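Read through the structure below, which is laid out as structure tokens, and then see the notes.
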Amino acid sequence: MIQLKNVSKTYSNNGQKPVNAVKNANLVIEKGEFVAIIGPSGSGKSSMMNILGMLDRPSSGEYYFENKEVNTLSEDEMALIRNKKIGFVFQRFHLLPKTTAVENVELPLLYSDRKNIRSSAMEALSHVDLTDRATHRANELSGGQQQRVAIARALVNEPDIIFADEPTGNLDFQSGQEIIKIFQNLNNDGKTIVLITHDQNVASFAKRIIRMHDDEVSEEFKN
């Protein structure tokens, strides 16, 4: 599904010395995998996710998504792939606080040609066992419930791959375990999962672990 060849990302700011975020990364992610990318703060793992999720372009190297070279795609073409193929889950949930759970899940569908938007959103909420909170506002939900709404929102377009950036970072231990279990279930159902984390315990639930250190992919091993 994904292949990186010598991919690097360098940031330059106001004439200051360029900062390497990712250096010469080579990586393959197969369809149906559950991969964790682990590393300390500043190791480049979030920059890697932004590249893999087509939120940012590499400065050099080649990125292939389903055998298409991403660097040759326009911004509109990348946006179409993100909309059709990719779901995102973030640490801070990014929900509209005074909007209901089901309305938050519907947001990615508002500009689509999808019919029965409400039923699609309810089906996504059923995947995270939250249909009983569908009409509750986001700010009435616990942190774990808000993250489940965010996962449902990522699922509503039926993506092939989900990128989760520190999805348990704002949660207590029990809620975090419940979120990881949801990702395991989604993976068992065939979804490709790429989990970004600094936590070895969270990474251990993945089927393959990729370690980043000093902006490089320094180690890769299977559980």
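In this text, all values refer to a predicted model and were calculated from it rather than measured experimentally.
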Ignoring hydrogens and angles, tell me if any N or O in the side chain of S59 forms a donor-acceptor pair with the backbone of T10 under 3.5 Å.
yes

Considering only NZ, NE, NH1 and NH2 on the basic side and carboxylate oxygens on the acidic side, decide whether D56 and K9 come within less than 4.0 Å.
yes

Pairs where residues 12-30 contributes a residue and the test salt bridge (charged side-chain N to carboxylate O under 4.0 Å, His left out) is met, not counting sequence neighbours:
none

Does the side chain of V194 come within less than 4.5 Å of F34's, by heavy atoms?
no

Is there a side-chain contact between V149 and F93, using heavy atoms and a 4.5 Å cut-off?
no

Evaluate whether atom CG of N83 has more than 12 neighbouring non-hydrogen atoms of other residues, nucleotides or ligands under 6.0 angstrom away.
yes

Any sub-3.5 Å donor-acceptor pair from R148's side-chain atoms to D129's backbone N or O?
yes

Take Q146 and R133, measure what side-chain hydrogen bond (donor to acceptor under 3.5 Å, both in side chains) needs, and give me the verdict at the end.
CA-CA 10 Å; Q146 289 186 60; R133 295 291 189 271; over 6 Å; no

K85/E66 salt bridge by N-O under 4.0 Å criterion
yes

Compute both the distance and the angle, then confirm whether K181 meets the cation-pi test with F183: under 6.0 Å from the six-membered ring centre, within 45 degrees of the axis.
no

Ignoring hydrogens and angles, tell me if any N or O in the side chain of Q91 forms a donor-acceptor pair with the backbone of D165 under 3.5 Å.
no

Indicate the ring-plane relationship of F90 and F88, choosing parallel, tilted or perpendicular according to the 30° and 60° boundaries.
parallel

Within 6.0 angstrom of N67 CG, more than 12 heavy atoms from elsewhere
no

Is the shortest heavy-atom distance from the side chain of L4 to the side chain of N26 under 4.5 Å?
no

Under 4.5 Å between any side-chain heavy atoms of M48 and L52, yes or no?
yes

Using the side-chain hydrogen bond (donor to acceptor under 3.5 Å, both in side chains) rule, take D172 and S175 through it: C-alpha gap first, then chi angles, then the decisive distance, then the call.
CA-CA 5 Å; D172 60 66; S175 296; 3.2 Å; yes

Is the backbone N or O of L171 less than 3.5 Å from a side-chain atom of T168, with the two atoms forming a donor-acceptor pair by type?
no

If you count heavy atoms of other groups shown closer than 6.0 angstrom to NE2 of H94, is the number above 12?
yes

Thinking salt bridges, do K207 and E33 make one under a 4.0 Å N-O criterion?
no

Verify, without hydrogens or angle tests, whether N104 (side chain) and T99 (backbone) share a donor-acceptor contact under 3.5 angstrom.
yes

Charged N to carboxylate O below 4.0 Å: is that the case for R57 and E75?
yes

Verify, without hydrogens or angle tests, whether E103 (side chain) and T100 (backbone) share a donor-acceptor contact under 3.5 angstrom.
yes

